[in-house]
2 protein chains.
Amino acid sequence: MNGKISSDLLRGHTDTIVLSILKDGDSYGYEIYKKIIEKSDGLFELRETTLYSSYRRLEQEGSINSYWGDETQGGRRKYYTITLAGEKVYQHNKLDWEFTKKIIDKLL
Amino acid sequence: MNGKISSDLLRGHTDTIVLSILKDGDSYGYEIYKKIIEKSDGLFELRETTLYSSYRRLEQEGSINSYWGDETQGGRRKYYTITLAGEKVYQHNKLDWEFTKKIIDKLL
DNA sequence: ATACAATACTACGACTGTCAAGGTAATATT
DNA sequence: AATATTACCTTGACAGTCGTAGTATTGTAT
């Protein structure tokens with residue numbers, strides 16, 4: 001799997017990718033990790049550590065909130081919800097991406 | 001100018017952009033800097049420091065060579081040439097970009 | 001029964017590309 | 001005479017990603 005996308009080309013997209021997943025409903029850390037692999041048809045994965053540091057960043061800036069699931073058995077899960085501010089960040093980042101794409105295409 | 005593209009979205013593209021300029025003929029540091037602004041219709045600039053560190057990197061890995069211009073007056077110029085290895089790197093990076101673009105579009 | 005894989009989260013330290021700030025020196029413009 | 005532009009370079013800080021490591025539970029295979 002992966003091996004294709006260098007982390008430098010990914011940089012800056014992680015947060016937006018996470019937000020894009022949460023836009024479709026609450027989810028927890030490990031599930032988001034899995035969903036990214038699935039959504040990219042197994043073509044690449046974002047390391048767990050990278051994601052967890054993204055969650056921390058996003059929560060700190062108010063783009064997401066978290067709450068502990070009430071699993072009575074099994075590993076407890078920390079669920080994340082996207083906030084209104086987070087949705088705005090997502091929209092903004094998406095526009096940035098469309099813009100960047102054009103510029104880079106022009107330059108390469 | 002600029003202000004739009006965050007450096008994180010640029011990360012990893014700098015070297016490829018430089019190679020793409022040199023592909024069209026030898027050039028020197030400051031001129032490359034100017035050409036990037038021009039080629040992007042003034043929409044963004046790569047900082048000079050960022051570029052100079054890119055030149056160093058590219059030369060070290062053998063993607064470009066350099067030679068001093070023979071200006072008898074005025075600031076001396078250091079010209080860069082793309083090597084055969086560099087052209088291969090360029091082609092490879094461009095394919096990477098096409099690939100990455102698709103994945104990110106799928107994920108956002 | 002026992003080992004192993006998968007689930008689920010976290011901490012820490014290293015690496016690397018970008019940038020801000022600062023510097024030198026010559027030529028061209030006002 | 002003063003300033004802007006050309007042209008190069010160094011240094012140190014910052015931030016995002018990743019490798020490595022660790023804890024603890026549940027499910028599956030031997």
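The sequence lines fix the lettering, A, B, ..., with proteins before strands; numbering per chain opens at 1. As the structure is a prediction and not an experimental result, all values here were calculated from the model.
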Exercise. Is it true that A:K101 and B:D105 have a side-chain N and a carboxylate O under 4.0 angstrom from each other?
Worked result: yes
For this session: Would you mind telling me which residue lines up with the more 5' stretch of DNA chain C, A:K34 or B:L10, judged by nearest nucleotide?
Result: A:K34
Exercise. Which residues pass the salt bridge (Lys or Arg N to Asp or Glu O under 4.0 Å) test with A:E87, sequence neighbours left out?
Worked result: none
For this session: Give a yes/no on whether any side-chain N or O of B:Y52 is located under 4.0 angstrom from OP1 or OP2 of D:dC9.
Result: no
Problem set entry | Single-linkage hydrophobic cluster, 4.5 Å side-chain cutoff, A:Y67 and A:Y28 together | yes
Problem set entry | B:L22 to B:S27 - nearest heavy-atom pair and separation | CD2-N, 3.7 Å
Seminar exercise, completed: From the list A:K39, A:H13, A:K35, A:K94, side chain to side chain donor-acceptor pair (under 3.5 Å) with A:S20 holds only for A:K39
Problem set entry | Spacing of B:E48 atom CD relative to C:dA20 atom C1', expressed in whole Å | 13 Å
Problem set entry | Strand-adjacent residues in residues 12-33 of chain A, judged by heavy atoms under 4.0 Å from DNA chain D | A:G12, A:T14
Problem set entry | pair B:L19-B:I64: side-chain heavy atoms closer than 4.5 Å | yes
Seminar exercise, completed: What residues 53-66 of chain B contributes to the DNA chain C interface at heavy-atom separation below 4.0 Å is B:S53, B:R57
For this session: Counting heavy atoms from C-beta on, name the nucleotide in D:dC9, D:dG16, C:dT10 closest to the side chain of B:K78.
Result: D:dC9
Problem set entry | Spacing between A:I37 atom CD1 and C:dA6 atom P, to the nearest angstrom | 12 Å
Problem set entry | Distance in angstrom units between B:R76 CZ and C:dA25 C1', rounded | 9 Å
Exercise. Can you name the ring-ring contact (aromatic ring centres under 6.0 Å, His included) partners of B:Y33, sequence neighbours left out?
Worked result: B:Y30
Problem set entry | Partners passing salt bridge (Lys or Arg N to Asp or Glu O under 4.0 Å) against B:E59 (at least two apart in sequence or in another chain) | none
Exercise. Can you tell me how far C1' of D:dC18 sits from CD1 of A:I36, to the nearest Å?
Worked result: 15 Å
Exercise. How close or far is atom P of C:dC9 from atom CZ of A:R47, stated in whole angstroms?
Worked result: 18 Å
For this session: Find the distance B:R11:CZ to C:dG17:C1' and express it as a whole number of Å.
Result: 4 Å
Problem set entry | From B:I37, B:T50, B:L51, residue fulfilling side-chain contact (heavy atoms from CB on, under 4.5 Å) relative to B:E45 | B:I37
Problem set entry | Which residues share a salt bridge (Lys or Arg N to Asp or Glu O under 4.0 Å) with A:D41, sequence neighbours left out | B:K106
Problem set entry | Under-4.0 Å side-chain N/O to phosphate OP1/OP2 contact, A:T50 with D:dC18 | yes
Seminar exercise, completed: Here the distance between atom P of D:dT6 and atom CD of B:E45, to the nearest Å, is 13 Å
Seminar exercise, completed: Quick note, A:R77 side chain, CB onward, closest among D:dC8, C:dA8, C:dT18 is C:dA8
Seminar exercise, completed: Considering only heavy side-chain atoms of B:L46, the closest of D:dC8, D:dC18, C:dC19 is C:dC19
Exercise. With sugar-phosphate meaning primed atoms plus P, OP1 and OP2, does B:S7 contact a base, only sugar-phosphate, or nothing at under 4.0 Å between heavy atoms?
Worked result: sugar-phosphate
Exercise. Rounding to a whole Å, what distance do you find between A:L51:CG and D:dC18:C1'?
Worked result: 11 Å
